[in-house]
Amino acid sequence: MPVYALVDVNSFYASAERLFRPDLVGRPVVVLSNNDGCIVARSAEAKALGVPMGEPYFRVRDCLRAAGAAVFSSNYALYADLSSRVMRTLEALAPAVEIYSIDEAFLDLTGLDTLTDTERFGQEVRARIRGDVGLPVCVGIGPTKTLAKLANHAAKQDPERHGVACLRDPAARARALRATPVNAVWGVGQRLADRLAELGVHTAEDLANLSPRRIRQHFPVTLARTAEELRGCACHDLESEPAPRQQIVCSRTFGTPVRDEPALREAVADYAVRAAERLRETGQHAAALSVFLRTDPHRTAEPQHMPTATRRLTIATDDTRDLLAVALRIAEELWRPGHAYIKAGVMLGELQAPGISGDLFADDAARARSADLMQAVDAINRRHGRAAVTYGVQRRGRAEWRMRRDYLSPAYTTRWTDLPVVG
DNA sequence: TCTGGGGTCCTAGGACCC
DNA sequence: TCTGGGGTCCTAGGACCC
């Protein structure tokens, strides 16, 4: 029987901020989304204040201030660096690791025979990550990924478990299923939970007991698999090789609404350049590009416009200049005067390995020059910062559309000048 | 009173995840 | 005044084909 573990950093972003600010231990800490819009991470103290996940910041600002909470803008450079340290530690501890998200990984523990071994392993993972990286994690263990997830949830809920829960034992599993509301099951969101409630399904146990036929009468096949996994039959394998990306999206809400075309072009250009950089990191080429614009749906009195348009490229490419030209052409077509846009985005699709869309007239020499140029630009920007080499339309001014990050912490681990000083 | 049927491909929209 | 960003998968429905 397979054994999976799910390791997950507790309140990752909040814990990351606190790592370099020991003065914040015991104080509520929250981290905001891009543009300082919503709450995306809360320390245990902040959760205890009743601050909901995803809540717009302005609604809880007063409450947080009164409680003496520390508030941070998202510092992705810091989180990405700490994440890779956590993952490297896990890779040293387990034979196979699937990096599931920035703060979570599945481990394949098949071969750890006894239940005592499994518990001990969970505690060792906690101790190692605490010691090597300094972050708190919880470990959930079970015969399927869905049960490992559920175990992780149980470990977080119940302090008695000291951060590790193992559901290999059938009796322990039955107790955990009974105690878990169905919307806390991996793959069951609020929509499905509401519809399940109409059938009298309220807990993970209820879902596990629902017959596959009954599920398929009302729900998609994904839910049938979830129920199967809750019963202990694995439908999802560990995927240690990441699947090739299918699309790349770069979009942002603007710091302030954009009403003029030059500012919009500048923003779209910036997103296209970043999307192209990320495309080259994957080693793929894109054969389709979409641009979308959005006005603010919350301002119902203002005219709304949420267009999107897609172009197929005759030749798949990873050259920023090609992608930028297409993106700007689409943006120009979409833009309508008299609207206050609050968001735009560039999406690359039909990603594929380079050179598979054979074009009879492709100029190999030109392609090679393009690859050399892109490589050079990427190398310079990696070394000297993203704004070292830019394209004319990006302008890099202090444009009003750039996002707000009023509470940004230093780049403690990725910039020499921000290195914390001890003593 | 009237109807073909089955396969494939594409797209949009909805649901989920962190 | 202030409401994130980046992904995946599934399904239904339409177009098209034989």
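Reminder, nothing fancy here: chain letters follow the sequence lines and each chain counts from 1.
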- Just grab all the salt bridge (Lys or Arg N to Asp or Glu O under 4.0 Å) pairs involving residues 200-220 of chain A, residues at least two apart or on different chains. A:Arg178-A:Glu205
- Message: Need one value for A:Asn34: base, sugar-phosphate or nothing, where a base atom within 4.0 Å counts as base even if backbone is also close, heavy atoms only.
- Response: sugar-phosphate
- Message: Which is more 5' along DNA chain C, the nucleotide nearest A:Arg225 or the one nearest A:Asp36? Just name the residue.
- Response: A:Asp36
- Item | Neighbours of DNA chain B within residues 188-223 of chain A, by heavy-atom distance under 4.0 Å | A:Val188, A:Gly189, A:Gln190, A:Arg191, A:Leu192
- Under the ring-ring contact (aromatic ring centres under 6.0 Å, His included) rule, what pairs show up with a residue in residues 183-217 of chain A, not counting sequence neighbours? A:Tyr100-A:Trp186, A:Phe106-A:Trp186
- Can you tell me how far OH of A:Tyr13 sits from OG of A:Ser74, rounded to the nearest 0.5 angstrom? 6.0 Å
- Have a look at A:Asp296 and say if it touches a base, only the backbone sugar-phosphate, or nothing, with a 4.0 Å heavy-atom cut-off. nothing
- Message: Short of 4.0 Å, heavy atom to strand atom, which residues of residues 229-251 of chain A count as contacting DNA chain C?
- Response: A:Arg245, A:Gln246, A:Gln247, A:Ile248, A:Val249, A:Cys250, A:Ser251
- Message: Considering every strand and a 4.0 Å limit on heavy-atom distances, what is the contact class for A:Arg312: base, sugar-phosphate, or nothing?
- Response: sugar-phosphate
- Query: How long is the span from the CZ atom in A:Arg404 to the CG atom in A:Asp36, to the nearest 0.5 Å?
  - Reply: 6.5 Å
Enumerate, atom names and distances included, each donor-acceptor pair closer than 3.5 Å involving a side-chain atom of residues 220-229 of chain A, sequence neighbours excluded.
{"residue": "A:Thr226", "atom": "OG1", "partner": "A:Thr222", "partner atom": "O", "Å": "3.1"}
{"residue": "A:Glu228", "atom": "OE1", "partner": "A:Arg231", "partner atom": "NH2", "Å": "2.7"}
{"residue": "A:Glu229", "atom": "OE1", "partner": "A:Thr146", "partner atom": "N", "Å": "3.0"}
{"residue": "A:Glu229", "atom": "OE1", "partner": "A:Thr146", "partner atom": "OG1", "Å": "2.5"}
{"residue": "A:Glu229", "atom": "OE2", "partner": "A:Cys235", "partner atom": "N", "Å": "2.7"}
{"residue": "A:Glu229", "atom": "OE2", "partner": "A:His236", "partner atom": "N", "Å": "2.9"}

- With sequence neighbours excluded, residues passing salt bridge (charged side-chain N to carboxylate O under 4.0 Å, His left out) with A:Glu332: A:Arg265
- Query: Base, sugar-phosphate alone, or nothing: which one does A:Tyr57 contact when heavy atoms must sit under 4.0 Å apart?
  - Reply: nothing
- Item | B:dT3 and C:dC18, which share atom name P, separated by this distance in whole Å | 24 Å
- Mind checking which nucleotides bracket the chain A contacts on DNA chain C, 5' to 3', with an atom under 4.0 Å from a heavy atom? C:dT1 to C:dT11
Let me check something: any side-chain donor-acceptor pairs from residues 122-130 of chain A under 3.5 Å, sequence neighbours excluded? List them with distances.
{"residue": "A:Gln123", "atom": "NE2", "partner": "A:His162", "partner atom": "O", "Å": "3.3"}
{"residue": "A:Arg126", "atom": "NE", "partner": "A:His162", "partner atom": "O", "Å": "3.1"}
{"residue": "A:Arg126", "atom": "NH1", "partner": "A:Val137", "partner atom": "O", "Å": "2.6"}

- Query: Who are the salt bridge (charged side-chain N to carboxylate O under 4.0 Å, His left out) partners of A:Arg21, not counting sequence neighbours?
  - Reply: A:Asp23
- Item | Residues in salt bridge (charged side-chain N to carboxylate O under 4.0 Å, His left out) contact with A:Asp62, at least two apart in sequence or another chain | none
- Note on the structure: Note on DNA chain C: ranges paired as stems (three or more Watson-Crick/G-U pairs in a row, both atom distances under 3.5 Å) are B:5-18 with C:5-18
- Who passes salt bridge (charged side-chain N to carboxylate O under 4.0 Å, His left out) against A:Glu239, sequence neighbours left out? none
